[in-house]
Amino acid sequence: MNKVVLVTGANSGIGLALCERLLSQDTEGLQLCLACRNMRRAQAARSALLASHPTAQVALLQMDTSNIFSVISAAHEIKLRYCRLDYLYLNAGIMPNAQFDVKAFFKGIFSSNIITMFATGEGILTQKDGVTSDGLQDVFATNLFGHFLLIRELEPVLCRAGQTSQLIWTSSSNAQRSAFNLDDIQHQRGTQPYSSSKYASDLLSLALNTLYNKQDLYSSVICPGFVMTNLTYSILPSFPAFLWTVLMPVFWLIRIFTNTFTLTPYNGAEALFWLFKQKPESLDPQAKYHSLTSGLGNNYTQPRKVQHGRSPIKMKFTLFQ
């Protein structure tokens, strides 16, 4: 029986790299669905996948995780198309209006904090958030709440007797505990909504396991490492092209000393792909699975404990009630 896999944010970057890796392993045994906001880009992604895997089953679904109506409509369509869902990759995300602290950046280059600064953006990145048509903070809605709503709407195809299903979240090395406040879960009063939303997804994954494991639905979270994607480049849209050319050799040099610099979407998708091949009930629900790349270019996955305190319990009551 074919496995049904749905990936949000699948038209570029890590999401598209994951789809390519999944099809390279098993073209005939998958029903792959790309859930994307921009259907023109989604169609281009589908065409690229079919060009290399012409017999693959690749469907498209329009869904904007920042819009409640769009999520509910997409969930309804999924339930019409599929009687079950084996894997739900919660990958869509935004980091809008990123503000870059040039002074802190150049100060960090000449400090012992250089690797952490590049890997997490800590101390050099802030964002100006917006508000959706539903009245929610844009980053919170897109990165977290839309996915949470999707899960709840898809319970009939995710929680079926005799079937094991898996939720897999794309988190970030920028998921900083210091940026998250449960009393301000949408991060309305802060300047790091992206970091807050990604740390919240780590906590939510833990809470989902306490709620759903008895129904054979398991949740895991991954960190792709430092990856050069459209989201990364959009942080510094005014950077001249030559500066990226100068920085890339620096990034490759740093990778010799730290395995978190995965750099390419293919490498960043390593943990997402690795989890596809595991039995979800054997995984550690309190671990974040990191995509790592050695200095020699070898990819591997490593679990690391999520630092959460008592927040997952509170998160459960905050979102699930």
Side-chain angles (χ1 to χ4, degrees), residues 90-96 98-101 104-105 108 111-129 136-148 167-211 219-227 231-232 235 258-262 268 271 283-292 301-320:
L90 306 157
N91 174 72
I94 59 169
M95 185 193 288
Q99 306 296 307
F100 183 73
D101 190 329
F105 173 75
S111 73
S112 59
N113 196 45
I114 180 173
I115 292 177
T116 300
M117 180 185 72
F118 275 124
T120 68
E122 185 177 355
I124 60 173
L125 287 179
T126 59
Q127 303 93 46
K128 290 184 179 180
D129 205 355
L136 299 173
Q137 294 298 117
D138 198 14
V139 175
F140 167 79
T142 305
N143 296 3
L144 183 74
F145 185 74
H147 284 131
F148 169 73
L167 309 169
I168 303 175
W169 298 79
T170 300
S171 182
S172 171
S173 56
N174 190 247
Q176 302 295 320
R177 185 176 182 178
S178 59
F180 178 76
N181 182 350
L182 195 61
D183 295 326
D184 183 22
I185 194 170
Q186 294 193 50
H187 206 75
Q188 294 173 299
R189 301 188 295 271
T191 60
Q192 300 180 69
Y194 181 82
S195 179
S196 174
S197 71
K198 290 302 182 178
Y199 186 77
S201 70
D202 295 354
L203 300 184
L204 182 55
S205 180
L206 295 168
L208 290 168
N209 279 314
T210 65
L211 180 69
S219 182
S220 298
V221 63
I222 75 102
C223 175
F226 179 76
V227 184
L231 188 148
T232 310
I235 295 172
T258 177
N259 52 14
T260 60
F261 271 51
T262 50
L283 298 169
D284 182 353
Q286 299 196 38
K288 177 185 282 190
Y289 291 87
H290 289 249
S291 296
L292 301 171
T301 298
Q302 184 180 86
R304 298 175 183 174
K305 289 287 186 180
V306 174
Q307 301 301 313
H308 56 75
R310 297 175 59 84
S311 297
I313 299 174
K314 295 181 181 178
M315 173 74 80
K316 180 178 177 182
F317 286 105
T318 300
L319 280 176
F320 287 75

Would you give the length of the straight line joining atom CG of Leu90 to atom CZ of Phe148, rounded to the nearest 0.5 angstrom? 12.0 Å
Can you check whether Ile94's main-chain N or O pairs, donor with acceptor, with Asn143's side chain at less than 3.5 Å? yes
Just jot down the side-chain hydrogen bond (donor to acceptor under 3.5 Å, both in side chains) partners of Lys198, sequence neighbours excluded, or say none. none
Without swapping roles, check the side chain of Gln176 against the backbone of Ser195 for a donor-acceptor pair under 3.5 Å. no
Just how far is it from atom CD of Gln186 to atom CG of Asp138, taken to the nearest 0.5 Å? 10.5 Å
Please confirm whether the backbone N or O of Leu292 pairs with a side-chain atom of Asn259, one donor and one acceptor, at under 3.5 Å? no
Please round to the nearest 0.5 Å and tell me the distance separating atom CG of Leu208 and atom CG of Leu203. 11.0 Å
Correct closest heavy-atom pair for Val227 and Gly268 would be CG2-CA, 3.9 Å
Residue pair Ala271 / Tyr289: nearest heavy atoms and the distance that separates them: CB-O, 3.5 Å
In Å, rounded to the nearest 0.5 Å, how long is the span from OG1 of Thr142 to CE of Met95? 13.0 Å
How would you list, by chain and number, every residue that makes a side-chain hydrogen bond (donor to acceptor under 3.5 Å, both in side chains) with Ser219, sequence neighbours excluded? Trp169, Ser205
Of all heavy-atom pairs linking Val306 and Ala287, the shortest is CG2-C, 4.0 Å
Partners meeting side chain to side chain contact (heavy atoms under 4.5 Å, CB included) with Thr170 (sequence neighbours left out): Asn91, Ile222, Pro224, Leu272
Non-hydrogen atoms of Pro96 and Val139 that approach each other most closely: CD-CG2, 3.4 Å
Hey, is the main chain of Gly225 close enough, under 3.5 Å, to the side chain of His290 for a donor-acceptor pair? no
State, to 0.1 Å, how close Ser172 and Cys223 come at their nearest heavy-atom pair, and which atoms those are. C-SG, 3.7 Å
Partner set under salt bridge (charged side-chain N to carboxylate O under 4.0 Å, His left out) for Asp184, not counting sequence neighbours: none
Hey, could you give me each pair passing salt bridge (Lys or Arg N to Asp or Glu O under 4.0 Å) that has a residue in residues 201-210? Not counting sequence neighbours. Asp202-Lys288
For Gln188, side-chain hydrogen bond (donor to acceptor under 3.5 Å, both in side chains) partners two or more places apart: none
Within-4.5 Å side-chain heavy-atom neighbours: Leu283 and Ser220: yes
Between Tyr194, Phe140, Phe180, which is the residue that forms a ring-ring contact (aromatic ring centres under 6.0 Å, His included) with Tyr199? Phe180
Side chain to side chain contact (heavy atoms under 4.5 Å, CB included) between Phe226 and Thr258, intermediate numbers included: CA-CA 10 Å; Phe226 179 76; Thr258 177; over 6 Å; no
Pro285 to Asn209 - nearest heavy-atom pair and separation: CB-ND2, 3.4 Å
